[in-house]
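Just the heavy atoms: all of them, side chains too, but no hydrogens, waters or symmetry mates, feed the values below. Both counts, for ligands and for their atoms, begin at 1 and track the order of listing.
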Amino acid sequence: MMTSTSPREAAAATPWYRRPRTVQPTVGFEERLACTLATLRAAAACSPAVLATSLSAEDMVIFHLIVREALPIAAFALDTGRLPRATLDLWRAVESRYGRPIERVSASAASLRALADAQSDSAIYESSAARHRCCDVRKTQPLREKLQGNACWVTGLRRAQSAGRASVFHHAHDHAFGLEKFNPIADWSDDDVWYFIDAEQIPVNRLYDEGYASIGCDPCTRPTRIDEHPRAGRWWWEAAASGTATECGIHVAAHANASATQTRTP
Ligand code: SF4
């Protein structure tokens with residue numbers, strides 16, 4: 001017997017964020033892609049250059065292009081010890097598929113012991129200070145140490161991701177970390193990202209198929225509804241209290257202290 005499915009049921013059955021977008025490039029995409037490639041080549045010339053990847057869809061686009069274009073840009077990811085299983089699975093799958101390692105960077109055992117002595121795992125939900133302390137120990141400090149000795153870092157930040165990222169440039173000097181920062185897909189839209197992922201068959205985190213729009217540590221990430229901002233699932237309890245999307249501290253510092261040297265790479 002035939003059964004009919006209402007539009008609401010169909011929408012609920014289809015993850016909204018990862019829904020196939022279009023088989024055609026979006027208007028102006030080829031120009032944006034050319035700009036992205038030029039930015040990546042500029043980053044590669046700024047040796048030593050390194051991609052800080054969270055294995056997000058954006059970072060997968062950049063990693064794919066680095067390998068495809070054979071650019072001398074190394075890659076590392078912060079293993080906070082709190083990453084979702086799906087992210088760890090993707091990490092292994094990406095290294096296997098591309099034949100390129102993604103270096104694991106994590107906090108020292110001593111700093112993790114000090115964090116555990118200072119607060120419980122659940123303290124991150126109880127105070128903003130505790131949450132920031134956890135991010136500082138597990139993410140910002142290891143990142144700072146890893147970036148030392150590099151001339152530039154490459155990220156997948158996009159202006160469309162949040163109001164706080166609306167001023168992201170393709171290339172700026174990052175005063176917070178003391179090196180050049182390149183954001184090759186700064187001007188890409190959501191549709192650009194998913195069009196390119198589908199067109200180039202780039203592997204992505206399976207959590208996008210489960211309603212996650214932005215993926216970080218397991219305790220601090222939840223799926224989002226279609227009426228929510230894509231980053232509303234990150235530190236949602238803080239966002240609910242403040243009414244704005246929030247950040248872990250890595251890129252907030254970078255925005256606040258960055259001075260753009262160019263907005264478009266020819
Ligand atoms: S995102 Fe959450 S678990 Fe991860 S480092 Fe920050 S507070 Fe800790």
Within the 4.0 Å heavy-atom shell around Cys220, which atoms of ligand 1 are there?
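Those of ligand 1 that fall under 4.0 Å from Cys220 are 1 (S), 2 (Fe), 3 (S), 7 (S).
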Close-contact set for ligand 1 against Arg131 heavy atoms, below 4.0 Å
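The list of qualifying atoms is 7 (S).
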Quick one about Arg32 and Thr26 (side-chain donor to acceptor, distance below 3.5 Å, no hydrogens or angles considered), yes or no?
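There is such a pair (donor and acceptor under 3.5 Å, judged by atom type) between the side chains of Thr26 and Arg32.
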Test of understanding: with salt bridge (Lys or Arg N to Asp or Glu O under 4.0 Å), list the residues that count as partners of Asp227, not counting sequence neighbours.
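For Asp227, the residues satisfying salt bridge (Lys or Arg N to Asp or Glu O under 4.0 Å) (neighbours in sequence not counted) are Arg225.
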Which of the listed options, Gly216, Ala123, Cys135, holds the heavy atom that is closest to atom 5 (S) of ligand 1?
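Checking each option, the heavy atom nearest atom 5 (S) of ligand 1 is found in Cys135.
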Within Cys217, is some N, O or S atom less than 2.8 Å away from atom 2 (Fe) of ligand 1?
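Under 2.8 Å: Cys217 has no N, O or S contact with atom 2 (Fe) of ligand 1.
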Is the gap between the ring centers of Tyr125 and Trp235 under 6.0 Å?
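Judged by ring-centre distance (under 6.0 Å), Tyr125 and Trp235 do not meet the cut-off.
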In chain order, what residues pass the side chain to side chain donor-acceptor pair (under 3.5 Å) check against Thr36, with sequence neighbours excluded?
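In terms of side chain to side chain donor-acceptor pair (under 3.5 Å), with neighbours along the sequence ignored, Thr36 is linked to Trp188.
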